[in-house]
Amino acid sequence: MVRAVVGANWGDEGKGKITDMLAGQADIIVRFQGGANAGHTIINDYGRFALHTLPSGVFRDHTTSVIGNGVALNIPILISEIEGITSRGVPKPHILVSDRAQMVMSYHILLDEYEEERLGGKSFGSTKSGIAPFYSDKFAKIGFQVSELNDDEASLREKIKNICERKNVLMESLYHKPLLNEDDIYAELMDYKEKISPYVTDVSSYLREALKSGKEVLLEGQLGTLKDPDHGIYPMVTSSSTLAGYGAIGAGIPPYEIKDVIAVCKAYSSAVGAGEFVSEILDENEAEELRKRGGDSGEYGATTGRPRRMGWFDIPASRYGCLLQGATQVAFTVLDVLGYLDEIPVCVAYETTEGIVTDFPTTSLLKNAKPVYEKLPGWKCDIRGIRKYEELPENCRKYIEFIEERLQVPITMVSNGPGREDIIYRK
Ligand code: GDP
């Protein structure tokens with residue numbers, strides 16, 4: 001059976017923790033989209049780790065970690081992450097990389113940096129990991145698939161020549177930067193070939209066989225619904241779909257295999273980078289207070305170190321987030337962080353130029369939207385360490401149930417701390 005763990009919000013919901021936890025009962029964990037542009041922070045018996053490319057199941061030595069075809073594969077980062085975890089005592093994980101995954105090249109990263117530099121203050125808030133240039137090339141059909149590393153030198157060089165012709169127009173005329181060199185790109189590919197070959201396989205066929213033999217597969221999403229290029233806050237989105245449905249494509253499995261979708265939803269909101277964020281806390285002191293208390297992550301992006309923008313729980317955005325994911329259950333995270341508040345605002349609707357709306361609208365309507373808040377009483381205590389739902393303070397349960405009723409998806413897990421064991425299961 002296949003389950004997906006995906007983000008219902010802007011990303012950083014704590015998917016890494018939930019995946020690491022659920023990986024205990026899984027056989028295979030698959031990354032199906034995105035690249036090294038977002039990170040998962042995981043705290044377990046081995047320590048604290050920020051992973052960008054490796055699936056969050058790598059700490060469970062009975063699991064296989066899979067990089068699917070939908071991922072933007074950054075080989076140097078993958079290799080350094082493998083070395084980084086094994087050097088800290090984690091047993092060498094079993095890793096498979098799809099032969100159909102495409103590789104992030106060093107020129108993608110350069111182009112990303114140059115474009116951000118060119119746009120200055122009007123940038124898209126890229127993490128400069130090369131993700132947008134990578135996916136642009138993939139769909140312009142000039143990307144490199146891992147399987148192409150076995151092509152003969154002449155055909156690889158012909159493709160490189162074509163790429164350099166196109167990219168160097170930009171390098172010269174738009175960015176005024178040094179030109180790409182064909183030999184360097186060839187050498188880069190050969191270096192990648194040597195590094196990645198031990199891991200490469202036909203992932204789709206591997207997963208098909210695994211499912212036939214009854215294995216449990218977890219799909220691990222990156223970012224969240226609101227960063228999806230179609231359904232998110234376009235254009236401040238990422239370049240690959242963040243939806244569970246895309247798991248079928250990015251892993252190469254039939255869509256009907258995905259039986260369970262766990263939408264990870266934060267008990268308040270946060271976002272890294274620019275874009276519409278109606279329930280954002282605009283008072284800097286108030287935001288900093290929440291950011292500071294925001295778990296062990298300190299609310300600074302795991303990849304960029306940028307302070308996250310903080311906000312109150314946003315029901316229109318989160319319900320939409322769950323609906324688009326096709327959530328069958330919700331894992332409600334970082335609830336412990338809210339224990340300091342006397343009362344907690346929850347955004348229940350938006351006031352827009354077209355009136356009050358409770359359904360998440362398109363970006364143009366979101367631009368001038370104002371939050372409509374309802375205030376719920378806080379519980380004013382530390383809920384970490386509690387393992388039974390009934391033992392949570394009454395106001396805390398009321399907060400969960402208020403949100404659950406409006407999300408219209410059962411909250412089956414409540415996360416009250418960053419560790420694996422900090423979880424309350426609900427029936
Ligand atoms: P991801 O990208 O969705 O995996 O999320 P991140 O790893 O970027 O951010 C989640 C952060 O919150 C990490 O630092 C986690 O350790 C932390 N975290 C996850 N769940 C909880 C929780 O329930 N309480 C607290 N305090 N921190 C949590």
Side-chain angles (χ1 to χ4, degrees), residues 4-23 29 31 33-59 81 127 129 218-227 238 242 244 262-273 290-310 313 318 321 325 330-341 382-387 389 392 396 399-400 411-425:
V5 177
V6 287
N9 309 122
W10 290 261
D12 300 322
E13 297 93 348
K15 297 175 293 295
K17 176 213 157 138
I18 301 293
T19 306
D20 174 62
M21 222 180 68
L22 296 175
I29 292 91
R31 286 278 317 266
Q33 44 87 222
N37 53 330
H40 296 307
T41 311
I42 296 154
I43 300 170
N44 55 29
D45 301 343
Y46 296 106
R48 179 196 169 92
F49 298 86
L51 299 182
H52 304 281
T53 288
L54 283 175
S56 302
V58 284
F59 302 101
E81 275 185 13
T127 57
S129 314
L218 258 191
L219 300 175
E220 180 183 17
Q222 184 218 37
L223 294 168
T225 306
L226 304 169
K227 291 283 184 183
T238 193
T242 56
I262 300 162
V264 185
C265 216
K266 254 176 123 136
Y268 55 89
S269 300
S270 73
V272 178
L290 182 55
R291 189 179 296 125
K292 251 186 9 223
R293 292 173 184 269
D296 294 78
S297 67
E299 291 298 359
Y300 294 86
T303 300
T304 58
R306 288 186 281 185
R308 292 178 186 155
R309 297 161 66 199
M310 309 306 292
F313 193 85
S318 303
Q325 293 290 8
V330 164
F332 198 53
T333 58
V334 292
L335 187 62
D336 50 304
V337 170
L338 299 179
Y340 72 101
L341 292 156
D382 187 1
I383 58 162
R384 284 206 200 187
I386 295 178
R387 297 285 171 267
Y389 188 71
L392 285 172
C396 181
Y399 184 79
I400 298 167
I411 295 180
T412 54
M413 287 172 247
V414 176
S415 171
N416 58 342
R420 255 180 203 170
E421 63 298 336
D422 297 320
I423 195 83
I424 299 168
Y425 292 100

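All of these numbers come straight from a predicted model, not from anything done at the bench. First listed ligand is number 1; within each ligand, the first listed atom is number 1.
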* Of all residues at least two apart in sequence or in a different chain, which pass the side-chain hydrogen bond (donor to acceptor under 3.5 Å, both in side chains) check with Asp422? -> Arg387

* Could you list which atoms of ligand 1 come closer than 4.0 Å to a heavy atom of Arg384? => 26 (N)

* Asked: Do any nitrogen or oxygen atoms of Ile43 come within less than 3.5 Å of a nitrogen or oxygen of ligand 1?
  -> no

* Asked: Heavy atom under 4.0 Å from ligand 1: found in Leu223's side chain, backbone, both, or neither?
  -> neither

* To do: Please identify which atoms of ligand 1 are closer than 4.0 Å to at least one heavy atom of Glu13.
  => 3 (O), 5 (O)

* Side chains of Ile383 and Cys396: closer than 4.5 Å at any heavy-atom pair? -> yes

* Within less than 4.0 angstrom of ligand 1, does Arg308 place any heavy atom? -> yes

* N/O of Gly16 under 3.5 Å from N/O of ligand 1, yes or no? -> yes

* Have Thr53 and Glu81 got a donor and an acceptor in their side chains that come within less than 3.5 Å? -> no

* **Residue-ligand contact Asp336/ligand 1, heavy atom below 4.0 Å** => yes

* Within a distance under 4.0 Å of any heavy atom of Ser415, pick out the atoms of ligand 1 and give their elements. => 20 (N), 21 (C), 22 (C), 23 (O)

* Is a side-chain donor or acceptor of Arg291 paired with a backbone partner of Arg308 at a separation under 3.5 angstrom? -> yes

* Structure fact -> Within the 4.0 Å heavy-atom cut-off, what Lys15 brings close to ligand 1 is both

* Are the side chain of Tyr268 and the backbone of Leu290 linked by a donor-acceptor contact shorter than 3.5 Å? -> no

* Donor-acceptor pair, side chain of Gln325 and main chain of Ala4, under 3.5 angstrom -> no

* Quick check: does Gly14 get an N/O under 3.5 Å from an N/O on ligand 1? -> yes

* Considering only heavy atoms of Gly417, which atoms of ligand 1 have at least one such atom less than 4.0 Å away? -> 20 (N), 21 (C), 22 (C), 23 (O), 24 (N), 25 (C)

* **Ser56: side-chain hydrogen bond (donor to acceptor under 3.5 Å, both in side chains) partners, not counting sequence neighbours** => Glu220

* Mind checking whether Phe59 and Phe49 have parallel, tilted or perpendicular rings, split at 30° and 60°? -> tilted

